[in-house]
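Here's the structure, in structure tokens; my notes come after.
Both counts, for ligands and for their atoms, begin at 1 and track the order of listing.
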Amino acid sequence: MTNPLYDALFGRHAGKSTPFLHLLDGQIWTHSDFLETAAQIGHVFASLGLNPSDRVAAQLDKSPECLAVFAACAQTGLVFLPLNTGYKANELEYFFQDSGAALILCAPRAEALVKPMADGLNAELLTLDTDGSGSLMDKARMKPRRIDTVDRNRDDLAALLYTSGTTGRSKGAMLSQGNLLSNAETLVQEWQFTADDVLLHALPIFHTHGLFVAANVTLMAGGSMVFMPKLDIDAMVEWMPRATSLMGVPTFYTRLLQDPRFTKSLTAHMRLFISGSAPLLAETHVQFENLTGHRILERYGMTETNMNTSNPYTGERRAGTVGFPLPGVELKITTAETGEVLPQGEIGQIEVRGENVFQGYWQMPEKTAAELRADGFFITGDLGKIDADGYVHIVGRNKDLIISGGYNIYPKEIELLLDDQPGVLESAVIGIPHADFGEAVLGILVAQPGQTPDLDEIKESIGASLARFKQPQKLVLIAELPRNTMGKVQKNVLRDQYASA
Ligand code: MCA
Ligand code: AMP
């Protein structure tokens, strides 16, 4: 009897005193330390009466213990539901409710806010802070350092990750053990990760990139991570000479390039820089190579699919492309109208199929059916083409989405809030170019006849219910929204008009 995900990522390291996490204060967590902590947390879960397949919703700051919660969920067959630490009360309440979370984990500072929500849902609530304090570890420290692993198979759910939708309602992407495992196995091979790797880990661990790509790949290869609470260029500069690899969103690379301490010699020990989650400008790619001699390896993925394509480890890493479909991933370019495959070189919607592709949206069969075809192909909503050499290019999006510093923002969610503000008739939210984050959020409002909405008040009001990264950096008032003959708002016209707003 086995638990494929636990065995492959965690169980294989049992009893090893090899380094796993290097903390910025010099502390080292060995694989054993980590697994023992995970087992203790697993005992806490068992003592609360949680059953396999129950959901554990966690809005936690990054820490070794927080990562151990993921390991404990895998070992005890629970479904891990990590949540962006920027989410506000109303956003959280939806995730707790929709997922039917049996246990909620939050920072001690959020306990007073979350407690009534947990009580209302009959969910348990425990707290965890970055220094390991809080009720979770208070209970865990008394527990045994070993626990039996619960049997699971590849089709069992391992995680639920919420991703916003074009209708404004977030959808829980159901990821099975097999989805996560197959992708980690492939990426270790493709990117040649080994036990000698030391990964600079500065991404959050509540999204696919930092958790299922960066951490899972390192775990599977048996390497270690310099585990930074967040992107910190000083720490990056300090640790890079001892590291081998970095995974980041494009903002990581543009910020590094701006720092005079980031030189060719600083990168001498590094073997691989990987970028994803948002388009890396070809210009950044070239600048990076000119300075360091390293070519950034760009790859493409989604919450629903894990990683789909990657530039090659050996072979040409082509700027402005996301490389080739990964082994085990089928990728085709189709017409949105009929779903037929387009001739090579033509632009269409990107569809993917493989063991990496999720099981569907949590309790949303219609949304699942609309995006995940019966034959297993998932319609990504990205627009792309395959060039004559087989490289995949992402040329746009068939979905109304803004990506800011690697975070996805669905305009509809913000428009719904703006439309409800006093004096506002309607609104359109668009992404405009931003030097640091790639895109920034701009809210465009039309006033009700005879009204003059107060933009500062509106900003403050919507700020109370939206994570900071989703809040419009600016609001502007215009006479009317441009529309096509069908009455649809022409966001491309607005994007051109406000490109330098
Ligand atoms: C921080 N702020 C942001 C963002 N991050 N605003 C818009 N977009 C953001 N991404 C706000 C802060 O709240 C703050 O606001 C102000 O900007 C400046 O914060 P700063 O300290 O400079 O930000 P930071 O902490 O340095 O963060 C920037 C960051 C971070 C490093 C780019 O956002 C980040 O780590 N992004 C990675 C996201 C990620 O992991 N994406 C993967 C999703 P104020 O000053 O007003 O308080 S998974 C995915 O996309 C798929 C599967 C894939 O392919 O990987
Ligand atoms: P998420 O919903 O956070 O999983 O974001 C997935 C989306 O991020 C994809 O559908 C793409 O639009 C975008 N994305 C991820 N990687 C890349 C990349 N390398 N280049 C361009 N867009 C990307």
Query raised in the report: Is the shortest side-chain N to carboxylate O distance from Glu330 to Arg373 below 4.0 Å?
Result: no
Specify whether the nearest protein heavy atom to atom 49 (C) of ligand 1 is under 4.0 angstrom away. yes
Ligand 1 atoms nearer than 4.0 angstrom to some heavy atom of Ser404 are 7 (C), 8 (N), 9 (C), 10 (N)
Check ligand 2 for N or O atoms under 3.5 Å from a protein N or O and list each pair with its distance.
residue, atom, partner, partner atom, Å
ligand 2, 2 (O), Asn408, ND2, 2.5
ligand 2, 3 (O), Asn408, ND2, 3.1
ligand 2, 4 (O), Thr303, N, 2.5
ligand 2, 4 (O), Thr303, OG1, 2.7
ligand 2, 5 (O), Asn408, ND2, 2.8
ligand 2, 10 (O), Asp382, OD1, 3.3
ligand 2, 10 (O), Asp382, OD2, 2.6
ligand 2, 10 (O), Lys399, NZ, 2.7
ligand 2, 12 (O), Asp382, OD1, 2.6
ligand 2, 12 (O), Asp382, OD2, 3.4
ligand 2, 16 (N), Ser277, N, 3.2
ligand 2, 19 (N), Glu298, OE2, 2.9
ligand 2, 19 (N), Arg299, O, 2.7
ligand 2, 20 (N), Glu298, OE2, 3.4

Discussion item. Between Leu175 and Gln359, does the side chain to side chain contact (heavy atoms under 4.5 Å, CB included) criterion hold? Intermediate values first, please.
Written reply: CA-CA 6 Å; Leu175 294 155; Gln359 315 275 294; over 6 Å; no
- Would a 4.5 Å heavy-atom cut-off, applied to side chains only, mark Val114 and Ile104 as touching? yes
In ligand 1, the atoms that come under 4.0 Å of a heavy atom of Met302 are 52 (C)
Check this for me: does any side-chain nitrogen of one of Arg318 and Glu289 sit under 4.0 Å from a carboxylate oxygen of the other?
no
re atom 38 (C) of ligand 1, the protein heavy-atom contact at minimum distance is Tyr407 CE2, 3.3 Å
Discussion item. How about CD on Glu283, more than 12 heavy atoms from neighbouring residues, nucleotides or ligands closer than 6.0 Å, or not?
Written reply: no
Candidate pair Leu5 and Leu181, rule side chain to side chain contact (heavy atoms under 4.5 Å, CB included), full reasoning: CA-CA 6 Å; Leu5 186 70; Leu181 196 49; 4.2 Å; yes
Between the CD atom in Gln349 and the CG atom in Asp382, the distance rounded to the nearest 0.5 Å is 10.5 Å
Nearest non-hydrogen protein atom to atom 41 (N) of ligand 1, with distance, is Gly406 O, 2.9 Å
Within 4.0 Å of some non-hydrogen atom of His207, the atoms of ligand 1 are 43 (C), 48 (S)
In this structure, atom 18 (C) of ligand 1 is nearest to the protein heavy atom Phe437 CZ, 4.5 Å
Margin query: Could you check whether any heavy atom of Gln473 sits closer than 4.0 Å to an atom of ligand 1, since that is the contact criterion I want to use?
Written below: no
Please determine if Arg255 and Asp436 form a salt bridge, counting it only when a charged side-chain N lies under 4.0 Å from a carboxylate O.
yes
TODO: Kindly indicate whether atom 45 (O) of ligand 1 is approached by any protein heavy atom to under 4.0 angstrom.
DONE: no
**Message:** Is there a polar contact between ligand 1 and Leu231, counting only N or O atoms under 3.5 Å apart?
**Reply:** no
Original post:
Is the centre of the Phe262 ring less than 6.0 Å from the centre of the Phe288 ring?
Top reply: yes
Note: ligand 1 atoms sitting under 4.0 Å from heavy atoms of Leu203 are 40 (O)
shortest atom 42 (C) of ligand 1-to-protein heavy-atom contact is with Ser277 OG, 3.4 Å
Numbered in order shown, the ligand 1 atoms found under 4.0 Å of a heavy atom of Thr303 are 52 (C)
Show the numbers, then the answer: is there a side chain to side chain contact (heavy atoms under 4.5 Å, CB included) between Leu81 and Val56? CA-CA 6 Å; Leu81 194 180; Val56 175; over 6 Å; no
the protein heavy atom lying closest to atom 34 (C) of ligand 1 turns out to be Gly405 O, 4.0 Å
key: Sub-4.5 Å side-chain heavy-atom contact between Leu326 and Met307   = yes
Which of Phe95, Tyr162, Tyr407, Phe206 passes ring pair (Phe, Tyr, Trp, His ring centres under 6.0 Å) with Tyr87? Answer is Phe95
Contact between Gly276 and ligand 1, counting heavy atoms under 4.0 Å? no
key: Residues Asp197 and Arg271 bridged, charged N to O under 4.0 Å   = yes
Arg255 near ligand 1 by a heavy-atom separation under 4.0 Å = yes
With a 4.0 Å cut-off on N to O distance, would you call Lys332 and Glu340 a salt bridge? no
In this structure, atom 21 (O) of ligand 1 is nearest to the protein heavy atom Lys230 NZ, 3.4 Å
A student checking ligand 1 against Gly301 at a 4.0 Å heavy-atom cut-off should list atoms 54 (O)
Query raised in the report: What about Thr251: any of its N or O atoms under 3.5 Å from an N or O on ligand 1?
Result: no
protein heavy-atom neighbour closest to atom 15 (O) of ligand 1 works out as Arg468 NE, 3.5 Å
Report yes if the side chains of Asn408 and Thr163 come closer than 4.5 Å at any heavy-atom pair, otherwise no.
-> no
Are Glu298 and Thr321 packed together at the side-chain level, in the sense that at least one heavy-atom pair is separated by less than 4.5 angstrom? no
The closest protein heavy-atom partner of atom 54 (O) of ligand 1 is Arg299 NH1, 2.7 Å
